[in-house]
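Remarks on the structure that follows.
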Amino acid sequence: MHDPRVLLDPATDAVRRLARRGYALDAASLEKLLAQRNAAIHRGDEARAESKRTATSVRTASPDERPALVERARELKTVVADADVEGRALDAQLQDLLLGIPNLPADDVPDGSSDDDAELIRTWPSSSPPEPVTVDFTARDHVELGERLGILDLPRATKLSGPRFAVLRGRGAKLERALARYFLDVAEENGYTEFSVPTLVNRETMTGTGQLPKFEQDLFKTGVADHELFLIPTAEVPLTNLHARETLAVDDLPLAYTAHTPCFRSEAGSYGRDTRGLIRMHEFSKVELVRIVEASTSRQELELLVTHAEAVLRGLGLAYRVVKLAAGDMGFSAQATYDVEVWLPGQQRYREIASASDCSTFQARRAGIRTRASDGTRGFAATLNSSGMPIGRTLVALLEQGQQADGSVRIPPALVPYTGFEALEPA
RNA sequence: GGAAGCGUGGCAGAGCGGCCGAAUGCACUCGCCUUGAAAGCGAGAGCCCUUAACCGGGUCGGGGGUUCGAAUCCCUCCGCUUCCGCCA
């Protein structure tokens, strides 16, 4: 959420910057609303001040003066009440407006609104398409591989829950567990503290990281009686909100947190896209990385964060590239985002596997994650998050990049200590 | 789910409906003292809103009510504790 005064400051250039991501800011109505709200608050405060003075004087007033004072106090009560009601209503309007405004794209973020507009940052290994994984036979995709290997059962998942769910079997299930453990271990080596967190969270928590109020249709929601809870779409939500409404000492920053959780996404509006395989699921498992940092360091922290995401792919020997997303293609809360895209031989193209975002102080303002410097200066933290990898999409890459002509799949050496096997063989 | 109790500043812990933003202790900051430190003495200090700033307002779990006036009385919600039931 934005500070309305900063947003309206001409130096911020908010209208132009928001237009870059396709959001039309009505600065005039915002300014008017803000002024009206402040006027109402001021009016209430003035009346309240007089009311307090009057009430105090009642006690010491002479019996003659007292009735007039009590009468005046009664009048003021309604003035205060009216101003409060108006101020609260206007403030609610202001909050609604502000909660719906996305973060300002950083100036170095490229123009555009699609993934075609992203800026290529680097490719690993440096050749592209990646030489080492360009197979000299017709590459199978992960669905065919997974079924032939007996580790993936999509029809039965559909029977249980519907489309966009997966069942992993045998070494497939074991591979999922191995990947999660490997990711968590790498995260720990990079300084992240592991958490186990709830995957059902309340409305306030979802609002803190920006999923609500605007994107409720993307979330699964539970409701028992009037007890409303949302299933997290990513562990970014609980991890970032751990420090909601807290003040953190700047000396304790940066905080680096990780968690392995299931993630739930309604995928509303993606009908017909990625219907095959494990790419786009209603439920998937992911290790997430979150950093809570001093605000002025957020961009350099993003550079660090994306290398942490890359680290696991390099460790697994999976070819990928990093792109900087265009202004109009970023998530609601981000001011800058790097996507990590892994090479999928089965599709002969790079597909998003991880997304590392710098949310500046945008989420921290919503969630109330404040900082205090040693000299007492107060401010808001910056929050960043990255996948540190999703298990399913990594499995896809592992199968497709690791496949051999005979349909078997090599397990990367780094993962063997976790799996206990070096290859997947057709059943 | 049933019963009882409790929610006050960073922590602990007082608080007759008005003199309470709130005693006291610890912790904290700045002085004095000291070669230095500790102790001692003195002063100060929370957070939020509004404001260019000053002023002003709010804040004793949240919300509502009674009253000229609420930390203090009433209602309600939330959270915590203990006991019972149920349960991974």
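Order of the sequence lines sets the chain letters (A, B, ...), proteins ahead of strands, with each chain counted from 1.
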Exercise for review: Considering only atom C1', compute the distance from B:G31 to B:U81 and round it to an integer number of Å.
Suggested key: 45 Å
Check your understanding: Taking the side chain as C-beta and beyond, is there a heavy-atom pair between A:Thr258 and A:Glu188 under 4.5 Å?
Key -> no
Point to revise | d(CG, A:Leu90; P, B:C49) in whole Å | key: 18 Å
Exercise for review: With sequence neighbours excluded, tell me which residues meet side-chain contact (heavy atoms from CB on, under 4.5 Å) with A:Pro254.
Suggested key: A:Arg291, A:Val293, A:Glu301
Practice item. Check ring-ring contact (aromatic ring centres under 6.0 Å, His included) between A:His2 and all other residues, then give those that pass, not counting sequence neighbours. Key: A:Phe362
Review point. If only side-chain N and O atoms of A:Arg37 are considered, is one of them under 4.0 Å from the OP1 or OP2 phosphate oxygen of B:U50?
Key: yes
Exercise for review: Could you give the distance separating B:C80 and B:U8 at their C1' atoms, to the nearest angstrom?
Suggested key: 15 Å
Point to revise | Residue whose closest nucleotide on RNA chain B lies nearer the 5' end, A:Glu71 versus A:Thr56 | key: A:Thr56
Practice item. Scan residues 199-216 of chain A for pairs that pass salt bridge (Lys or Arg N to Asp or Glu O under 4.0 Å), counting only residues two or more places apart or in two chains. Key: A:Arg203-A:Glu216, A:Arg203-A:Glu228, A:Glu204-A:Arg245, A:Glu216-A:Lys221
Point to revise | B:G61 and B:A71, which share atom name P, separated by this distance in whole Å | key: 10 Å
Practice item. Check whether any side-chain N or O of A:Arg43 sits under 4.0 Å from OP1 or OP2 of B:G57, and answer yes or no. Key: no
Study note, to complete from the structure: Mate of B:C32 across any strand shown (Watson-Crick or G-U wobble, both atom pairs under 3.5 Å) is B:G40
Review point. For the side chain of A:Ala49, counting heavy atoms from C-beta on, which of B:G57, B:U51, B:C47 is nearest?
Key: B:G57
Review point. Can you name the residues that form a salt bridge (Lys or Arg N to Asp or Glu O under 4.0 Å) with A:Asp329, not counting sequence neighbours?
Key: none
Review point. If you measure from the C1' atom in B:U35 to the same atom in B:C28, how many Å do you get, rounded?
Key: 26 Å
Review point. Rounding to a whole Å, what distance do you find between A:Leu94:CG and B:U50:P?
Key: 9 Å
Point to revise | Set of side-chain contact (heavy atoms from CB on, under 4.5 Å) partners for A:Glu422, sequence neighbours left out | key: A:Val416
Point to revise | Base-pairing mate for B:C20 - Watson-Crick or G-U, with both contacts under 3.5 Å | key: none
Review point. Has A:Arg245 got a side-chain N or O lying under 4.0 Å from the OP1 or OP2 atom of B:C47?
Key: no
Review point. Over how many whole Å does the gap from A:Asp84 atom CG to B:G56 atom P extend?
Key: 19 Å
Please tabulate, for the side chains in residues 69-81 of chain A, all donor-acceptor contacts under 3.5 angstrom to protein atoms that are two or more places apart in sequence or on a different chain.
from    : atom 1 : to      : atom 2 : distance (Å)
A:Arg72 : NE     : A:Glu50 : OE2    : 3.0
A:Arg72 : NH1    : A:Glu75 : OE1    : 3.1
A:Arg72 : NH2    : A:Glu50 : OE1    : 3.2
A:Arg72 : NH2    : A:Glu50 : OE2    : 3.0
A:Thr78 : OG1    : A:Glu75 : O      : 2.7

Review point. Are a donor atom and an acceptor atom from the side chains of A:Asp358 and A:Tyr338 found within less than 3.5 Å of each other?
Key: no
Point to revise | Rounded distance (Å) that lies between atom C1' of B:C47 and atom CD1 of A:Ile369 | key: 18 Å
Practice item. Considering just the side-chain nitrogens and oxygens of A:Asn38, establish if one lies under 4.0 Å of OP1 or OP2 belonging to B:C49. Key: no
Point to revise | Summary of salt bridge (Lys or Arg N to Asp or Glu O under 4.0 Å) pairs that have at least one residue in residues 258-286 of chain A, sequence neighbours excluded | key: A:Asp141-A:Arg276, A:Glu267-A:Arg280, A:Asp274-A:Arg280, A:Asp274-A:Arg351, A:Lys286-A:Glu288
Practice item. Under 4.0 Å from any atom of RNA chain B, heavy atoms only: list the residues of residues 359-368 of chain A that qualify, in numerical order. Key: none
Review point. Quick check: does any side chain N or O of A:Glu400 sit under 3.5 Å from a backbone N or O of A:His142, one acting as donor and the other as acceptor?
Key: yes
Study note, to complete from the structure: Counting primed atoms, P, OP1 and OP2 as sugar-phosphate and everything else as base, the B/S/- map of nucleotides 69-78 of chain B against protein heavy atoms under 4.0 Å is S---------
Check your understanding: Taking protein heavy atoms under 4.0 Å as touching, what does nucleotides 58-64 of chain B look like 5' to 3' if B marks base contact, S marks sugar-phosphate-only contact and - marks none?
Key -> S-----S
Review point. Can you name the residues that form a side-chain contact (heavy atoms from CB on, under 4.5 Å) with A:Arg370, not counting sequence neighbours?
Key: A:Thr247, A:Arg378, A:Phe380
Review point. Hey, does the side chain of A:Arg5 come within less than 4.0 Å of B:U51's phosphate (OP1/OP2), counting only N and O?
Key: yes
**Study point:** Atom-to-atom span, CG of A:Asp91 to P of B:C49 - whole angstrom
**Key:** 11 Å
Review point. Can you list every pair that meets salt bridge (Lys or Arg N to Asp or Glu O under 4.0 Å) and has a residue in residues 150-171 of chain A, with sequence neighbours left out?
Key: A:Asp153-A:Arg156
